[in-house]
Peer 1: 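Submitted below is the structure of interest, expressed as structure tokens.
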Amino acid sequence: MNVGDGPVRTCIACRQKADRSELTRFVFRPDQHPAIVHDVSATLPGRGAWVHPVEKCLAKARTAAPFARAFRTKITASDLPRQDTEPKENG
């Protein structure tokens with residue numbers, strides 16, 4: 001990774017910086033039924049949380065603390081993304 005090549009984001013699980021294209025984005029949707037959703041196109045409005053699309057980081061991010069820190073709000077267990085909806089690779 002070369003600084004200045006493109007947008008750099010921090011994985012909320014491992015706290016390592018990486019190119020935006022190497023991470024996957026989640027957003028918190030407080031409207032209707034609050035939930036954290038996978039933003040496949042990385043274009044949904046609102047604050048995003050970025051995670052490496054590997055099981056190690058996804059498992060660590062699956063707890064409320066990393067998402068609460070990223071979204072700067074209280075996150076409950078029911079707000080967390082379900083494992084079956086999480087990406088296998090970035091896209």
Peer 1: Pairs under 3.5 angstrom only: tabulate donor-acceptor contacts from the side chains of residues 7-15 to other protein residues two or more places apart or in another chain.
Peer 2:
unit_1 : atom_1 : unit_2 : atom_2 : d
Thr10  : OG1    : Lys17  : NZ     : 3.3

Peer 1: Ala61 and Phe67: which non-hydrogen atoms are nearest, and at how many Å?
Peer 2: O-CE1, 2.9 Å
Peer 1: Indicate every side-chain donor-acceptor pair of residues 74-81 with a distance under 3.5 Å to a residue at least two apart or in another chain.
Peer 2:
unit_1 : atom_1 : unit_2 : atom_2 : d
Thr76  : OG1    : Ser78  : OG     : 3.1
Thr76  : OG1    : Asp79  : OD1    : 3.4
Thr76  : OG1    : Asp79  : OD2    : 3.1
Asp79  : OD2    : Thr76  : N      : 3.1

Peer 1: In residues 44-54, what donor-acceptor pairs under 3.5 Å come from side-chain atoms, sequence neighbours left out?
Peer 2:
unit_1 : atom_1 : unit_2 : atom_2 : d
Arg47  : NE     : Ala70  : O      : 2.6

Peer 1: Measure across Arg25 and Val27 and return the closest heavy-atom pair with its distance rounded to 0.1 Å.
Peer 2: NH1-CG1, 3.3 Å
Peer 1: Could you check whether the rings of His38 and Phe26 sit parallel, tilted or perpendicular, using 30° and 60° as the cut-offs?
Peer 2: tilted
